[in-house]
Amino acid sequence: MSIAFSNVRRRGAEIPNKLEMTMMGRLARWETLLVCVVALVFFLNTIASPYFLDVWNLSDATYNFIEKAIIAFAVALVIISGEIDLSVAANIALSSTIMGAVATAGYDTPIIVGAGLLTSLACGAFNGFLVAKVGLHSIIVTIATMSLFRGISYIILGDTVYKNYPDSFAWFGQGYLFDAFTVEMAFFIVIAVFFWMLLHKTVFGRQVYVIGNNKTCAAFSGIKVQRVKFSLFLLSGLASGVAAVLLTSRLGSTRPSIALGWELEVVTMVVLGGVSILGGSGTILGVILASVLMGLVTFGLGLLNVPGIVMTIFTGCLLIAVIVLPRITKLIMSHSKKTK
Amino acid sequence: MSITMDVSAPATSGVARATSGDVHADGRAQEVNNCVLEMRGISKTFPGVKALDDISLKLYPGSVTALIGENGAGKSTLVKILTGVYQFDQGEIFLEGKSQRFVSALDATNAGVTAIHQETVLFDELSVAENIFLGQEPRTRLGFIDWPTMEANAAAVLKKIDADMSPKTILKDLTIGHKHMVAIARALSTDARIVIMDEPTAALSSKEAEELYELVDWLKSEGKSILFISHKFEDVFRIADRYTVFRDGQLVGAGLLADVERPDLVKMMVGRAVDRAFPKNNTPGTDVVMKVDNYCHPTEFDSISFELKRGEILGVYGLVGAGRTEVAQALFGATTPSNGTLELEGEAVEIRSFDQAISKGLVYVPEDRGKQGVTLEMSIAENIGMASLKPTSKKGFLDLAREFEMARKYADRLDLRAAALDQPVGSLSGGNQQKVVIGKWLATLPKVIILDEPTKGIDIGSKAAVHGFMSELAEEGLSVMMISSELPEILGMSDRILVMRDGLIVGEFDRADATPEKLVNLATGNTQ
């Protein structure tokens, strides 16, 4: 990996905007590695299963990751700001339960969706209040609310199921646009673009990075740290709500165990996407690639009839491998330099 | 090309004298002279910058070598290489004649190299004894820490350096001076042969500095090799025997301190003679821009009242802990005063948060640059634009072109040195980082700027630049409140001087009336 070195320090107005970099230097990014791994997994899948390269199958494959990816975008922002939200899956459970209750009461799709999103926002606001205003640690707050939200949903549902959703509700999770795109895919693209713009193109996104890198300096620079953090928890709440709508609509039913354990898969996606768990760095592109990668892996394994438990082992190994790979490369490179 | 400058060993050692000439003639000559550590042709490159270029350095037992250079000259990089934090790209390090490479901090410690940093790397929540023996605690047979032995050993080491403190004291309860003593005690406990002191006096009062000098003398008498890094020439001439000067990552001079004059060293350091006269061209106006009336705080300060005029530089002098920073931060909205009013341009304002202060045109350049001033991981442009995101953006969307343009404007104005505006601020030297912080605040177009120790820990060249634009800004009508512990700076730059002691304003002087003696006597409470 050669990054152009320059001994020249320019002064004042002569300082260029960007450092000259070689092609290699520009490509030496986490995202490049992810693209390569995605291509590799795609290739392996094609070899492993004759059913993989089928438009309908591939379109189905997207269900594996879209709902999680939507949450992962929001959680990525939360993690970049130096916090974490582990209550997202429990938030889905509670929002889905409320939607089920509203549907059972006989209301129509718009009201159901509205109730789901409001519930998720309320959950996000509760997290945000405890973290940003009260000043508690987000990891503790969201572990607590993780039990709280799902607990409420267990109390409401017990071992029963809500499945009285109107037919029109199925559009979100099972519908198609122009006979080619799944509705979920469209949601995914729109939301991905939204988060990409939000993180990389807006003042808000910049503030998220500053807070994640140095929140004291952010505050001293007049950035309203508490407000930004509160908004981030609202956002991750809302993203959970959207995921809840899509998932509930796709499954057509709600059990309190819905989306159980998703918070870990979401965090895995975010970290795999190159977001620093310590905050301050990461990109939406990385998270998109990581979600596609995880989707392809689980789908490919599914086609090979690998059971779910083994799949989680696989994702765990994948995460370790991708994170360890650059370090090993670095070690080998520095070693070969030494022996030269 | 290698510049191997040899510094001959002390005259007391006849053997060393006889052999040092060989080394001079041939860098590869046999290592029979008595230098403990030698660095030869060391180079280190970072993205965008060559931090060290073919550096050589020698350290001798029982001798203090001062490492002098502007910020960004490569001193810190050298220290990090010696302590195993960074790996060098080229060159060799010889420890008592044997080639050595420090792969980790532990390696360096085992080899007898220890460093005492400007901001001491100790653990605030641990006791003095734990800090001294961290990582090498005496164990009982069951593998637990043997507390009585550890505390007894700590007491013994502390007694050796005449430090008056209990090994059980929790470190955060100590003064900076005492923390330095703990760091030195730690160095002694590891049986270090080479002690690196990285600007140890930067945060010390003159009395504490004197205690430190005595410690250094003592270390010397114990036969340790000391590498002493400092910006202060008083330090260097007080305790060093030899000097080595770096400039822009290169070695520009080395020798015995007895053979060199102060102006020559300064010349070597900056590559030009520096005029020590302070640039001062502003004349204060008559209208009051900021009026503070009876500001009080339950614990930190009391009845603070003063006025700041347009285009005036108001110096605030006092010892560390006199409450100056606390007053400044209360004005900026970090803490809420229990009583008192503030007027800006005749209008009563209440500032309870940073963004309120900024929108009212009052900004604060903090003393703690790394934590409060800059975000080291982010770029120069992002840092300069950080407090002006509203004016540079369009409807909440970033306008990078405009941000770069603004960053370039202030980079030019403040004579910033950098490779590119998207370079992380952490890769700049302290002086240039400070320029970035000041640039960030100027970009908000303030009316009042409070500078808290604006030249602390930065090199002479950057210092002169900071003083230069401070005067320029005041000339243009900005009101400057400058908190400083450096007498020359206070006397040289201020139109008016406030002296603080124990949270109170104890004196006010016009530029013409102020003398160093008056200020020091007031600040220290010395009535004679």
### Query
Out of Gln329(B), Gln87(B), Met386(B), Glu405(B), which one racks up the most heavy-atom pairs below 4.5 Å with chain A?
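It is Met386(B).
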### Task
Report yes if the side chains of Val210(A) and Met378(B) come closer than 4.5 Å at any heavy-atom pair, otherwise no.
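Result yes, sub-4.5 Å side-chain heavy-atom pair found.
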### Task
Taking Asn214(A) for its side chain and Lys371(B) for its backbone only, find out whether a donor-acceptor pair lies under 3.5 Å.
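At least one qualifying donor-acceptor pair exists.
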### Residue pairs, two or more places apart or on separate chains, that pass salt bridge (charged side-chain N to carboxylate O under 4.0 Å, His left out) and touch residues 435-446 of chain B
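Every candidate salt bridge (charged side-chain N to carboxylate O under 4.0 Å, His left out) pair involving residues 435-446 of chain B fails, so no pair, neighbours aside, qualifies.
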#### Entry: His200(A), NE2 atom: more than 12 neighbouring heavy atoms under 6.0 Å
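For His200(A), atom NE2 is crowded (more than 12 foreign heavy atoms under 6.0 Å).
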### Message
With salt bridge (charged side-chain N to carboxylate O under 4.0 Å, His left out) as the rule and sequence neighbours excluded, what pairs involving residues 191-208 of chain A come up?
### Response
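Listed once each, the pairs are Arg206(A)-Glu382(B), Arg206(A)-Glu403(B).
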### Query
Who among Phe404(B), Phe332(B), Tyr364(B) has the most heavy-atom pairs with chain A under 4.5 Å?
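Counting heavy-atom pairs under 4.5 Å, the top option is Phe404(B).
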### Query
For atom CZ of Arg352(B), is the number of surrounding heavy atoms from other residues, nucleotides or ligands below 6.0 Å larger than 12?
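Enclosed.
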#### Entry: For chain B, which residues of residues 216-224 of chain A have heavy atoms nearer than 4.5 angstrom
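The residues closer than 4.5 Å to chain B, in numerical order, are Thr216(A), Cys217(A), Ala219(A), Phe220(A), Ser221(A), Gly222(A), Ile223(A), Lys224(A).
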Name every donor-acceptor pair, under 3.5 Å, that has one atom in a side chain of residues 268-279 of chain A and the other anywhere in the protein, sequence neighbours excluded.
| from | atom 1 | to | atom 2 | distance (Å) |
| --- | --- | --- | --- | --- |
| Thr268(A) | OG1 | Leu264(A) | O | 2.6 |
| Ser276(A) | OG | Leu278(A) | N | 3.1 |

#### Entry: Nearest heavy atoms of Leu416(B) and Ile15(A), plus distance in Å
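Of all heavy-atom pairs spanning Leu416(B) and Ile15(A), the closest is O-CD1, 3.6 Å.
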### Query
Are Asn17(A) and Asp422(B) close enough, and set up right, to give a side-chain contact (heavy atoms from CB on, under 4.5 Å), and what steps lead you there?
CA-CA 6 Å; Asn17(A) 281 0; Asp422(B) 69 346; over 6 Å; no
#### Entry: Per-residue contact mode, Val363(B) against chain A (heavy atom under 4.5 angstrom)
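Neither part, no heavy atoms under 4.5 Å.
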### Message
Counting only non-hydrogen atoms closer than 4.5 Å, does Leu400(B) touch chain A with its backbone (N, CA, C, O), its side chain (CB onward), both, or neither?
### Response
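The side chain, not the backbone.
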### Message
Need one label for Ile358(B): side chain, backbone, both or neither, based on atoms under 4.5 Å from any heavy atom in chain A.
### Response
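Just its side chain gets close to chain A.
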### Query
Is the number of heavy atoms from other residues, nucleotides or ligands under 6.0 Å of Lys133(A) NZ greater than 12?
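Correct, the count exceeds 12.
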### Query
Could you give the distance from OG1 (Thr202(A)) to CZ (Phe397(B)), rounded to the nearest 0.5 Å?
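The OG1 atom of Thr202(A) sits 6.5 Å away from the CZ atom of Phe397(B).
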